[in-house]
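Just below is one structure, and these are the notes that go with it.
All ligand and atom numbering here is 1-based and tracks the order in the structure.
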Amino acid sequence: MATDTSFLFAGIRFDRKRFGGDIARFEKKESDDSVNISSLVEAEKAEPVEGKSPVKKRKRKGAVSETVEGFNVFKKSKSAAQTGNQSKDGDLAENESIKRKKEQNRQLERDALFRKKHNIHVSGYNVPSPLQNFEELNSRYGCDSCLTRNLADLGFREPTPIQRQAIPILLSDRECFACAPTGSGKTLAFVCPMLMKLKSPASDGIRAVIVCHTRELSAQTYRECKKLAKGKKFRIKLMTKQLSRNADFSKFPCDVLISTPLRLRRAIRRKKVDLSRVQYLVLDESDKLFEPVLFKQIDFIIKACSNPSIIRSLFSATLPDFVEDRARELMHDAVRVIVGRKNMASETIKQKLVFTGSEEGKLLAIRQSFAESLNPPVLVFVQSKERAQELYDELAFDNIRVGVVHSDLSQNEREDAVDNFRAGKTWVLIASDVVARGMDFKGVNCVINYDFPDSAAVYIHRIGRSGRAGRIGEAITFYTEEDITFLRNIANLMAASGCEVPSWLTELRKTKWKKHRPKRDSISSNPKD
Ligand SMILES: Nc1ncnc2c1ncn2[C@@H]1O[C@H](COP(=O)(O)OP(=O)(O)OP(=O)(O)O)[C@@H](O)[C@H]1O
């Protein structure tokens, strides 16, 4: 088949005149089109790649944006409601969180004011709010009514500052180390949350341990625990000499164990006591327990309490820096609580210094003081067990009902001396520092430091046997020439707790306190033979 079509047009003559108008129209259109096409080409030429890409890009963008927009629109229209709801929910949540934050801040402010009012100082992360009253034990922590009833029966109407702060900390499973004045109710501050945490008796092995530095204090803490746990059937045990030697604690139930470090370590070593389930450990008079003499025993006990979720607490009226350091090493996320100022004598004690010149002068002064006005009960501290016995031998013939307690006496003699003093059978108790800490002799009117104390801490604890639980007390400190070097330290403590001190005392030369236990002349006025 022929493909040439020129023959179709051969012989045709185009009359240009006749079709002039059409030719002109055609030519114009042609030229218009050529401009349009060329302008497009020009445009393409101008941006060969980049020119394309914006178009493409635009297109893509458009496409993307369309899709995205469409999606957005779709999403928007769906999410307009949803996002609207979400943003409403988000707004609500945000408002809630702002509200909560504001309330938290207000609570923090209220706590700070409350702490300031009660002279409580805390450091640590997220410290629980202090207790306003004992009713909060119930409302905030669901305390057993039996316990709150016991508190009321014991005559405790309001928590003391250390109780206000330490109880919520321990109930919130936080470890703590605390320093609060003598006689300010630290015992209840750790016994009450302990019993609340234990809830009821169980046969899970020993669940709580309280370590005290002397047998006398252990026995006293044991009695306090029993009083507060009345009606609860907790198995509270005091580690006696016999128990530490013979008893196998795995053979009988024990919720709470109270012990001195030595007895407890002995029982652990004999494998008669397993402390691996202890949930709650208290080191009372902690600075004494961390002194070199007891340190190894305490370390042993702390290691034996291997339960990882254990809550440990340290309490004392004196908190030296080395104990704080130890506490920080030992504890996790602990709270530090200080009531009043650290290492300060109780403000309810009227303190006095009396110069007696010599040892003879002291004996005269005490006799004179008793002859003028003996206002029992009176506690007299001397620096050693030998001197306690000597002074007792002197005063026993003076028509004064006097007792003596020191570590050379048998357990029974020690107990009798303390019980007789508590019962008012003896008016004056002569003591070595064995009862200087922690002992709660009700209503001691006066403490006499017959021998100058050998450290600031000893002074604070000794005089703190009077002026307890807000009562007024009195403290008299005898001093001789030998003690003058350390007089200023006591004068400063006196001034810090609000006592009047002659200015010459505070102007004495500053001396860093070393253990001050000078060799003193014998108290005895009788010739030795
Ligand atoms: N909330 C309270 N209201 C009234 N009295 C209280 C309260 N809490 C404790 N007491 C009483 O205060 C006295 C001193 O308490 P506690 O022996 O616990 O003092 P402390 O701070 O441990 O003193 P120390 O540092 O000498 O050991 C006790 O007789 C105790 O019964």
Side-chain angles (χ1 to χ4, degrees), residues 118-120 130-137 143 147-148 150-168 176-195 210-214 216-228 230 258 282-289 313-319 323 337-340 342-349 377 379 381 418 422 431 433-444 447 456-473 475 497:
H118 293 281
N119 226 340
I120 302 168
L131 283 184
Q132 305 280 328
N133 45 50
F134 280 132
E135 285 73 56
E136 278 191 1
L137 287 179
C143 175
L147 214 68
T148 40
N150 290 345
L151 282 172
D153 290 349
L154 287 167
F156 301 160
R157 307 266 167 269
E158 284 288 307
T160 63
I162 186 62
Q163 292 162 3
R164 287 183 196 276
Q165 190 57 79
I167 293 176
C176 89
F177 52 103
C179 177
T182 51
S184 64
K186 292 188 284 294
T187 314
L188 185 76
F190 57 75
V191 169
C192 174
M194 174 189 79
L195 296 180
I210 303 174
V211 184
C212 307
H213 73 297
T214 59
E216 282 77 9
L217 186 57
S218 302
Q220 179 183 293
T221 307
Y222 168 75
R223 281 194 299 272
E224 294 303 305
C225 281
K226 292 287 253 187
K227 279 191 229 165
L228 196 63
K230 197 173 151 200
I258 300 156
V282 182
L283 304 181
D284 194 13
E285 305 296 342
S286 47
D287 51 331
K288 187 74 192 169
L289 296 178
S313 57
L314 269 55
F315 285 83
S316 183
T318 44
L319 187 67
V323 176
V337 185
I338 309 286
V339 175
K342 213 173 90 156
N343 306 331
M344 223 180 73
S346 166
E347 289 177 358
T348 59
I349 308 165
L379 248 174
F381 284 107
V418 168
R422 280 207 161 109
D433 284 327
V434 71
V435 293
R437 278 173 176 261
M439 296 304 287
D440 187 45
F441 301 113
K442 299 263 179 323
V444 169
V447 168
V458 168
Y459 177 77
I460 292 168
H461 287 280
R462 275 185 183 180
I463 70 165
R465 296 318 96 209
S466 93
R468 298 175 72 74
R471 290 186 202 96
I472 301 294
S497 52

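Within the 4.5 Å cutoff, the side chain of Thr318 has heavy atoms near those of the His461 side chain. Side-chain contact between Ile210 and Phe190 is present, with heavy atoms from C-beta onward closer than 4.5 Å.
Asp287 has a carboxylate O that lies under 4.0 Å from a charged side-chain N of Arg437, or vice versa, which qualifies the two as a salt bridge.
Distances below 4.0 Å separate heavy atoms of Glu285 from the following atoms of ligand 1: 27 (O). With ligand atoms numbered from 1 in the order given, ligand 1 contributes 19 (O), 20 (P), 21 (O) to contacts under 4.0 Å with heavy atoms of Ser184. If you number the atoms of ligand 1 from 1 as listed, the ones under 4.0 Å from a heavy atom of Arg465 come out as 26 (O).
With sequence neighbours excluded, no residue forms a salt bridge (charged side-chain N to carboxylate O under 4.0 Å, His left out) with Asp284.
Nearest protein heavy-atom contact of atom 8 (N) of ligand 1 is Gln163 NE2, 2.8 Å. The protein heavy-atom contact nearest to atom 12 (O) of ligand 1 is Ala469 CB, 3.3 Å. For atom 28 (C) of ligand 1, the nearest non-hydrogen atom of the protein is Asp440 OD2, 3.0 Å. Of the protein's non-hydrogen atoms, the one nearest atom 18 (O) of ligand 1 is Thr187 OG1, 2.7 Å.
With atom 17 (O) of ligand 1 as the reference point, the heavy atom nearest to it among Arg468, Glu158, Arg437, Lys186 is part of Arg468. Across Gly183, Pro159, Cys192, heavy-atom proximity to atom 24 (P) of ligand 1 is greatest for Gly183. Of the candidates Phe134, Phe156, Phe190, Phe441, the one placing a heavy atom closest to atom 6 (C) of ligand 1 is Phe156.
Under a 4.0 Å heavy-atom criterion, Met439 is not in contact with ligand 1. In this structure, Ala189 falls outside the shell of residues with a heavy atom less than 4.0 angstrom from ligand 1. Not a single heavy atom of Gly464 sits closer than 4.0 Å to an atom of ligand 1. At least one heavy atom of Lys442 lies less than 4.0 angstrom from ligand 1.
Checking only distances, Ala317 never comes within under 3.5 Å of ligand 1, N or O to N or O.
In terms of modelled atom types and a separation under 3.5 Å, the side chain of Gln220 and the main chain of Glu216 share no donor-acceptor contact.
The structure places CG of Leu188 at 8.0 Å from CG of Leu154, a figure rounded to the nearest 0.5 Å.
What you find for Cys143 and Thr148 is that their closest heavy atoms are SG-CG2, 4.0 Å. Residues Ile460 and Met344 come closest through the heavy atom pair CG2-O, 3.8 Å. Scanning both residues, Phe381 and Arg465, for their nearest heavy atoms gives CZ-CG, 4.1 Å.
When non-hydrogen atoms are compared, ligand 1 lies under 4.0 Å from the backbone of Pro181 (N, CA, C, O) but not from its side chain.
No more than 12 heavy atoms of other residues, nucleotides or ligands shown are found within 6.0 angstrom of NZ on Lys230.
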